*Asks:* 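Just passing along the structure, written as structure tokens.
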There are 2 protein chains.
Amino acid sequence: MDEQLVKEVLSEPRNQKEEIQALQDTIYVIGGKWKLPIINSICNGNRRFREIERSIPGITTRMLSRELKDMEANKLLKRTVTPTSPVTVEYSPSDYCHSFADIILHMIKWGKEHRQRLKED
Amino acid sequence: MDEQLVKEVLSEPRNQKEEIQALQDTIYVIGGKWKLPIINSICNGNRRFREIERSIPGITTRMLSRELKDMEANKLLKRTVTPTSPVTVEYSPSDYCHSFADIILHMIKWGKEHRQRLKED
DNA sequence: GATACCAGTATCACAGAGTATACCAACATG
DNA sequence: CATGTTGGTATACTCTGTGATACTGGTATC
């Protein structure tokens, strides 16, 4: 584990109440099955609705629509409509959106290692 | 962001399908409102049932009971019963449990920064 | 004797997360 | 002219995660 990060995040003396509240806040924001996969997809360069939809196995049009609306309202991303014909709709990440990069990266790492462990059994 | 980690986790050329699957696997394992707070609590030294319960704001006896059972079955933690009177039950983290440390740490970090941003408005 | 703590289980109930399917208008492609 | 794509909405449904409340049996405390 990254000792520097530990020092940065975990104040001394430890304030466990604050830590668990922070953890619960984060879970509240990115909880659910789809938020992180969507953020990941958009940060990976997917912009169009169907493009994002196709990049996430299992998601339905409805869930994607709902989550995108929600995330736009919370300024996690920007929705841009270009009046071409037919209209072009593009979703792009806000800076805020990039702040999840570390979390996502570590979760990808964990998922890969997890799969590796399962294979070894 | 940690460039070394990026190189380690994100293979070149990128395999986005593998990445999103890894991400979804991780969400599947630690998804829900309580798993990470419980892991965090136990890794922070809480061992007894009521001790863990008190350390997590909002959790009910029932949810804690269910999640602990689930996590014991998945070898995320060990349940030890000492035949004192009344019996002493202790939950302790497995090595596996510690593998979430990075994710939790980054989520705590994000939560703290999030709260800071809200205060600044 | 009343109350409180421990480690839970039982029962009931609900909201909302998530699924399935169909549909729309406008355009492009074969 | 039939089909497919885009960017969604509408409707109906399931289901499970979560919550509220109550209870148990043994012990310790007041």
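Residue numbering restarts at 1 for every chain, and letters A, B, ... go by the order of the sequence lines. Quick caveat, the model's predicted, so the values are computed rather than measured.
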*Asks:* Taking salt bridge (Lys or Arg N to Asp or Glu O under 4.0 Å) as the definition, give me every residue that meets it alongside B:D25, ordered by chain and number, with sequence neighbours left out.
*Replies:*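 B:D25: salt bridge (Lys or Arg N to Asp or Glu O under 4.0 Å) contacts with A:R115.
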
*Asks:* Is the side chain of A:T26 donor-acceptor paired with the backbone N or O of B:M107 at a distance under 3.5 Å, no angle test?
*Replies:*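 The answer is yes, because a donor-acceptor pair under 3.5 Å joins these two groups.
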
*Asks:* Quickly work out the B:E51 CD to C:dC5 P distance and round it to whole Å.
*Replies:*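 One finds 15 Å between P of C:dC5 and CD of B:E51, rounded.
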
*Asks:* Can you give the donor-acceptor pairs under 3.5 Å from side chains of residues 67-79 of chain B to other protein atoms, not counting sequence neighbours?
*Replies:*
from  : atom 1 : to    : atom 2 : distance (Å)
B:E67 : OE1    : B:K35 : NZ     : 3.1
B:D70 : OD1    : B:N74 : ND2    : 3.2
B:N74 : ND2    : B:D70 : O      : 3.1
B:R79 : NE     : B:Y91 : OH     : 3.2

*Asks:* Quick one: what's the B/S/- string for nucleotides 8-21 of chain C, heavy-atom cutoff under 4.0 Å, read 5' to 3'?
*Replies:* BB-BB----SBBB-

*Asks:* How would you list, by chain and number, every residue that makes a salt bridge (Lys or Arg N to Asp or Glu O under 4.0 Å) with B:E8, sequence neighbours excluded?
*Replies:*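 Salt bridge (Lys or Arg N to Asp or Glu O under 4.0 Å) list for B:E8, sorted by chain: A:K109.
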
*Asks:* Using distance only, find each side-chain donor-acceptor pair of residues 95-102 of chain A under 3.5 Å and give its atom names and separation, not counting sequence neighbours.
*Replies:*
from  : atom 1 : to     : atom 2 : distance (Å)
A:Y96 : OH     : B:H114 : ND1    : 2.7
A:S99 : OG     : A:Y96  : O      : 2.5
A:S99 : OG     : B:W110 : NE1    : 2.8

*Asks:* Pairs under 3.5 angstrom only: tabulate donor-acceptor contacts from the side chains of residues 13-21 of chain A to other protein residues two or more places apart or in another chain.
*Replies:*
from  : atom 1 : to    : atom 2 : distance (Å)
A:R14 : NE     : A:E19 : OE1    : 3.3
A:R14 : NE     : A:E19 : OE2    : 2.8
A:R14 : NH2    : A:E19 : OE1    : 2.9
A:R14 : NH2    : B:N44 : OD1    : 2.8
A:N15 : OD1    : A:K17 : N      : 3.4
A:N15 : OD1    : A:E18 : N      : 3.0
A:N15 : ND2    : A:E18 : OE1    : 3.2

*Asks:* Polar atom pairs between nucleotides 25-29 of chain D and protein, under 3.5 Å, N or O only, would you list them?
*Replies:*
from   : atom 1 : to    : atom 2 : distance (Å)
D:dT27 : OP1    : B:S85 : OG     : 2.8

*Asks:* Taking only residues two or more places apart in sequence, or in another chain, which ones meet B:R62 in a side-chain contact (heavy atoms from CB on, under 4.5 Å)?
*Replies:*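 Testing B:R62 for side-chain contact (heavy atoms from CB on, under 4.5 Å), a comparison that skips the adjacent residues, returns B:T60, B:R66.
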
*Asks:* What is the separation between atom CD on A:E53 and atom C1' on D:dG8, rounded to the nearest whole Å?
*Replies:*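 Taking atom C1' of D:dG8 as the reference, CD of A:E53 is at 9 Å.
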
*Asks:* Considering just the side-chain nitrogens and oxygens of B:R54, establish if one lies under 4.0 Å of OP1 or OP2 belonging to C:dC6.
*Replies:*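 Yes, such a contact exists.
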
*Asks:* Tell me: CD1 of B:I56 to C1' of D:dT18, nearest whole Å?
*Replies:*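 Those two atoms, CD1 and C1', are 15 Å apart.
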
*Asks:* How would you list, by chain and number, every residue that makes a side-chain contact (heavy atoms from CB on, under 4.5 Å) with B:R47, sequence neighbours excluded?
*Replies:*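 With sequence neighbours excluded, B:R47 shows a side-chain contact (heavy atoms from CB on, under 4.5 Å) to B:I42, B:E51, B:E90, B:S92, B:P93, given in chain and number order.
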
